[in-house]
Amino acid sequence: LILLFYLVFYGFLAALFTFTMWVMLQTLSSDIPKYRDRISSPGLMISPKPDNALEFYFNKSDAQSYAEYVSTLRKFLESYDDSKQSQNINCTPGRIFDQNDVAVKKACRFNLSDLGQCSGKEDKTFGYSKGTPCVLVKVNRIIGLKPEGEPRIHCMSKEEGMVEINYFPPEGLIDLMYFPYYGKSLHAHYLQPLVAVQLAINSNSTKEEIAIECKILGSPNLKNEDDRDKFLGRIAFKVQMTE
Amino acid sequence: GLSSARAAEILARDGPNSLTPPKATPEIVKLLKQMVGGFSILLWIGAVFSWISFGIQLAQGAESPFDNLYLGVVLALVVILTGIFAYYQEAKSTNIMASFSKMIPQHALVIRDAEKKEMPADQLVVGDIVEIKGGDRIPADIRLIFTQGCKVDNSSLTGESEPQSRSCDFTHENPLETRNIAFYSTTCVEGTATGIVINTGDRTVIGRIASLASGVGNEKTPIAIEIEHFVYLVAGVAISIGVLFFIISVSMRYKILDSLIFLIGIIVANVPEGLLATVTVSLSLTAKRMAKKNCLVKNLEAVETLGSTSIICSDKTGTLTQNRMTVAHLWFDNQIYSADTSEDQTTQPFDQSSPSWTALSKIVTLCNRAEFRPGQENLPIMKRVVVGDASETALLKFAEVILGDVMSIRARNKKVAEIPFNSTNKFQLSIHETDDPNDKRFLLVMKGAPERILERCSTIMINGKEEPLDSEKAEAFQTAYMELGGMGERVLGFCHLYLPENEFPDTYPFDTDSMNFPTSNLCFVGLLSMIDPPRSTVPDAVSKCRSAGIKVIMVTGDHPITAKAIAKSVGIISATSETVEDIAKRLNIPVEQVNRREATAAVVNGMELKDMSLQQLDEILCNHSEIVFARTSPQQKLIIVEGCQRQGAVVAVTGDGVNDSPALKKADIGIAMGIAGSDAAKNAADMVLLDDNFASIVTGVEEGRLIFDNLKKTIAYTLTKNIAELCPFLIYIIASIPMPIGTITILFIDLGTDIIPSVALAYEKAESDIMNRRPRNKRKDRLVNEQLAVYSYLQIGIMQSVGAFVTYFTVYAEQGFLPSTLLGVRVNWENNAINDFEDSYGQEWTKYQRTYLQWTGYTAFFVSITIQQVADLIIRKTRRNSIFQQGLFRNKVIWVGIFSQIGIALILTYGLGHVTALNFTPLRFQYWFVAVPFAILIWVYDEVRKLFIRRYPGSWWDKNMYY
């Protein structure tokens, strides 16, 4: 009897739980979350991302040592392949691409060639074999985010003279036409803008750990100096290359 | 006397003349005991584990290892603070007692260096010669070498309050019986004496008894046993769940370190950190309340002991009775009248129209040497201090109440001669002028032992007329005398004679030595009987005890007849029940033939008790529900108490004398008398009755039972949310969702929001008449029983968890993480390197953003538990009755509790929401209401539960759902 009682009791509770959860989920839109106040400003992230800590270790003459980075990059860039972007349109550069009135949101084309030497087209190893590894910096997707000004990615090494940094697109510019994002369900083919950072490591700085910090600059509403969140508008990683 | 030098020598040898106080536990040991007792051990383990994992993390160089350091420190702090708090509470209540029992320094008049000196009594040594006078406390055991009308009150030693005369004669082998020894700490009532000190300090008779008392072990109080049981239960649950999930998490391939952290979380969630402090506060609140009702509690836990008492062994004198003689019955005109014996009488209701009464009242007024002490005109008559012995005082007050100013009546009837009472005559006589100016006769008045008075009478006054005393009237007198005597009352006879004017003119020289006046052929007027009457509140209190299933046993040194009479009048022996002797008398058969089982009452004489085996005593205690022990010695009191305890009863014992202290100590709760009690008795007792009134014990019982019920409620309330704190951990481990509630947050519930409400439950009024219940069975009626744990843990607790999880999922869903996304994300969610964690809508989150959301989750979970704890608090007000029967607003403190709970939650969320270490964040207002339907559900469900319990008593539901 006692078992039966608890069966009924917990059955009822489970039903109640399911019901209230269902009611709660009904109040949600499937397109955009109800609140976005916990992510007012985007974080930065890099690709490839080493397993646990953000530290790259490779030997430029040992293909095995950077094979994982290369394959990650290749995989990451698959969705940017021209063949996948057939439905995407060419947008007007330099302008926020507002589609509030349109039911079907269009995605802007991101030309892989904009990534230059880091596009993986010319150099299948993304520069790792030449000692000029590429790292892609991306801005976290946040629904409805409209950057102001001219956002760009700027990286620097803590120690001077160890590395020379090149950006693709030039100056690390992020085009406003890729904003805003309308969410996974509405904006299915959306591709977030990328900035490739090519690190030309000085030949006498090999074997040394190089600390690099990238920040998003030029946009007043994108934070990059938060005390607690080390990834809000910035990212720090380390590179160590041997020969 | 001794020389000062010699005295100093002896003092150095024997030590000071004072009793060594019982050894006290050092304060620091007490404090440490508080810190390792109960749950503290578990928390210490938790703290140590936190530090260990901190150490490991630090060694591994992880990024935020300080969380565990903080947690360990917080846990240690919690243990230390609650320990200090409990110690402080304990100390506070002991201090009241300490200040109370502090002896006033005593002085003694000693002859040293051939000079009389006043010196502190503890400087006395053997061989000193001391002088004592009426009113002094005897400073040591002394052998008397000179006395003058000296009487001592040995009640603190033997329990007999009748003063005993002391002389220099050696009368008995036994030092306790002989007349020429006076004992330490007894008092000299009247007269003066000089004596040689023969024993000091611990070697005195009292000192030996006191050390006997400290030899009697102190039993664990019932509530201590209950709390221990409860601690074992909860600790058992905590450890077994903790270990179980440690094993589960290890086998689910969590890292050992992570599993260790889960273990800490589970322990912290399971242990009600604030509960023991709450219990202490509740007990001390009750102790305070009882102190207001004249029960001073020495040992906090004794508060509840009184509630579980099933047998009270009570003294008679002073506890059940008023401890003063009062006129109870009158006999005149062949009729018995009863007088009002209550404490605050102002008039007497019996018929006062008969002229015989006028005559009797005159004798009562005039033949009396007692006087009021001057300057008390404003006090009620009963409270005034009188100089004179007990019966004369009674008569004086009696006369004052009826006639008014006795002193002026005496002044108008000038006394011309007087013979005071002595034990050979057994009468007292005085001759007065009358207040009638036309009547020049003298009035001779006499009172004394009735049979002696009757012998001297030849006539008897009936309705104001003198009639010859024939055998029929003498028979009537005998009947009345026997009847009054049978009620255990002290009877006095009164007679008078108007001396003829011609034989005794104005100037007649009365000589009391030669007795040149008639002392026979007087006119008998009436009888008055006196008794130490029961306190007016006692019969009611005894009947309350009876309905509460508590057996009241009277243990007294008094005469069996008096004891029985008082027992009958207060209801210890009820009107319908009979003793073996009564049955024998009724059936006219010898005592031996009576079936002992038929008699519900028993009066046991101390002499009989002496010859009884333990089995016989057990039999008496078992078979008779109403027992009076008369003429018992203090040692026998101890035997009686042990006998009761053998029956499995929780025994309360009252006592005042030093000789009672072993029994007080042996009893589960010893109750000492605050006014009449000796210091030794107060030291041995757990409780002191400030007004010496038995009725106060009954209020104590009521409070004790109430606090037991209320502690049950408090514990039920506190245990409930433990499940709501534990479930998150279990689900976190099993379903790998982001952590729903943090360990620190749990501590804020246990030690923050929940504290005041759980104390507030101690103010709850009794549900139904708790005094109509039997005392709880020590073995069956536990403080925390299975039903309580199951109902709190598996029903209300689970409901709370469900409510809290709904809030948790709502918060996450509305921020972009739908419940389906959350399952199984734990590893990535907690990975510091993943800063583009994708939610259900394609947005990407950095680690900190996730952590902040997680804290919001903590806060939401916390708020939900708090909101549902409000409902929990309300349902815990009653266990059986509907809340609406109990009154939602009757206990104002509950509302203070509710407001404090919500207030603290508001402060934590909005006020301290930005302090990172506390893991609170400001919360959207609507999340406060997500759990409200569940709170209402809890309330409704509990009302339904109570309804079924009331509707179907004894049913399956009642058995399983009533805690």
Side-chain angles (χ1 to χ4, degrees), chain A residues 1-2 5-6 9-10 13-14 16-17 20-21 23-25 27-47 49-55 138-145 181-188 190 192 226 228-233 235 237, chain B residues 61-63 790 794-795 798-803 805-820 831-856 916 921-922 924 926 930-931 933-934 937 941 956-957 959-961:
Chain A
L1 196 56
I2 196 92
F5 169 78
Y6 278 105
F9 183 76
Y10 289 138
L13 280 185
L16 186 76
F17 177 73
T20 40
M21 290 299 285
V23 168
M24 186 269 290
L25 292 177
T27 65
L28 299 178
S29 136
S30 58
D31 303 332
I32 53 166
K34 197 159 177 183
Y35 303 112
R36 296 185 302 275
D37 56 334
R38 291 287 178 262
I39 35 173
S40 50
S41 189
L44 288 191
M45 201 53 201
I46 51 170
S47 182
K49 189 190 79 65
D51 260 348
N52 282 314
L54 293 173
E55 286 163 10
K138 64 189 178 90
V139 180
N140 278 355
R141 287 190 297 263
I142 290 174
I143 295 177
L145 178 77
Y181 175 51
Y182 285 98
K184 200 152 90 176
S185 63
L186 291 181
H187 219 161
Y190 177 79
Q192 61 201 112
D226 194 89
R228 292 181 191 152
D229 194 346
K230 298 239 162 57
F231 294 90
L232 197 65
I235 186 165
F237 56 93
Chain B
E63 262 190 44
V790 166
L794 296 186
Q795 297 184 26
I798 296 288
M799 281 169 144
Q800 280 195 350
S801 316
V802 171
F805 267 109
V806 168
T807 317
Y808 162 85
F809 281 123
T810 306
V811 167
Y812 276 83
E814 295 195 338
Q815 290 289 353
F817 290 94
L818 298 181
S820 49
N831 189 334
N832 278 323
I834 296 182
N835 280 290
D836 52 353
F837 192 88
E838 197 177 318
D839 67 13
S840 316
Y841 293 90
Q843 306 187 92
E844 289 166 324
W845 296 64
T846 65
K847 170 71 168 62
Y848 184 80
Q849 284 166 337
R850 290 198 305 270
T851 309
Y852 197 76
L853 179 62
Q854 191 178 328
W855 291 345
T856 313
T916 325
T921 65
R924 254 171 234 284
Q926 69 262 32
V930 178
F934 288 88
L937 177 74
Y941 176 70
W956 172 85
W957 185 275
K959 274 184 209 134
N960 283 288
M961 295 297 194

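Each chain gets a letter, A, B and so on, in the order the sequences are listed, and its residues count up from 1.
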Which region of [X], side chain (C-beta onward) or backbone (N, CA, C, O), has a non-hydrogen atom less than 4.5 Å from a non-hydrogen atom of chain A, or is it both or neither?
X        : result
B:Pro933 : neither
B:Leu937 : side chain
B:Tyr941 : side chain
B:Ser840 : backbone
B:Glu838 : side chain

B:Trp957 and A:Phe5 aromatic ring geometry - parallel, tilted or perpendicular at 30°/60° bounds: perpendicular
Hey, could you give me the [atom1]/[atom2] distance between [X] and [Y], rounded to the nearest 0.5 Å?
X        : Y        : atom1 : atom2 : answer
B:Leu794 : A:Tyr10  : CG    : OH    : 4.0 Å
B:Thr846 : A:Arg228 : OG1   : CZ    : 13.0 Å
A:Lys184 : B:Gln843 : NZ    : CD    : 10.5 Å
A:Phe231 : B:Asn832 : CZ    : CG    : 7.5 Å
A:Ile143 : B:Asp839 : CD1   : CG    : 7.0 Å

Nearest atoms (heavy-atom pairs only) where A:Met24 meets B:Ala813: SD-CB, 3.9 Å
Heavy-atom closest contact (A:Met21 atom, B:Pro819 atom, distance):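 Scanning both residues, the minimum pair turns out to be CE-CG, 3.6 Å.
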Chain B contacts, top residue of A:Leu25, A:Ile2, A:Ile39 (heavy-atom pairs, under 4.5 Å): A:Ile39
Contact winner vs chain B - A:His187, A:Lys230, A:Gln192, heavy-atom pairs under 4.5 Å: A:Gln192
Residue selection (most heavy-atom pairs with chain A, distance under 4.5 Å) from B:Tyr852, B:Trp845, B:Phe805: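 Counting heavy-atom pairs under 4.5 Å, the top option is B:Trp845.
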Between B:Lys847, B:Met799, B:Gln849, the one whose heavy-atom pairs under 4.5 Å with chain A are most numerous: B:Gln849
Worked check of salt bridge (charged side-chain N to carboxylate O under 4.0 Å, His left out) between A:Asp37 and B:Arg924: CA-CA 11 Å; A:Asp37 56 334; B:Arg924 254 171 234 284; 2.4 Å; yes
Flag, side chain of B:Asn835 to backbone of A:Asn140, donor-acceptor distance under 3.5 Å: no
Exam field: side chain B:Glu814 to backbone A:Tyr35, donor-acceptor pair closer than 3.5 Å: no
Part of A:Ser41 lying under 4.5 Å from any heavy atom of chain B: backbone
Side-chain heavy-atom pair B:Phe809, A:Thr20 within 4.5 angstrom cut-off: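 B:Phe809 does not reach A:Thr20 side chain to side chain.
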Trace of the ring pair (Phe, Tyr, Trp, His ring centres under 6.0 Å) decision for A:Tyr181 with B:Tyr841: CA-CA 11 Å; A:Tyr181 175 51; B:Tyr841 293 90; over 10 Å; no
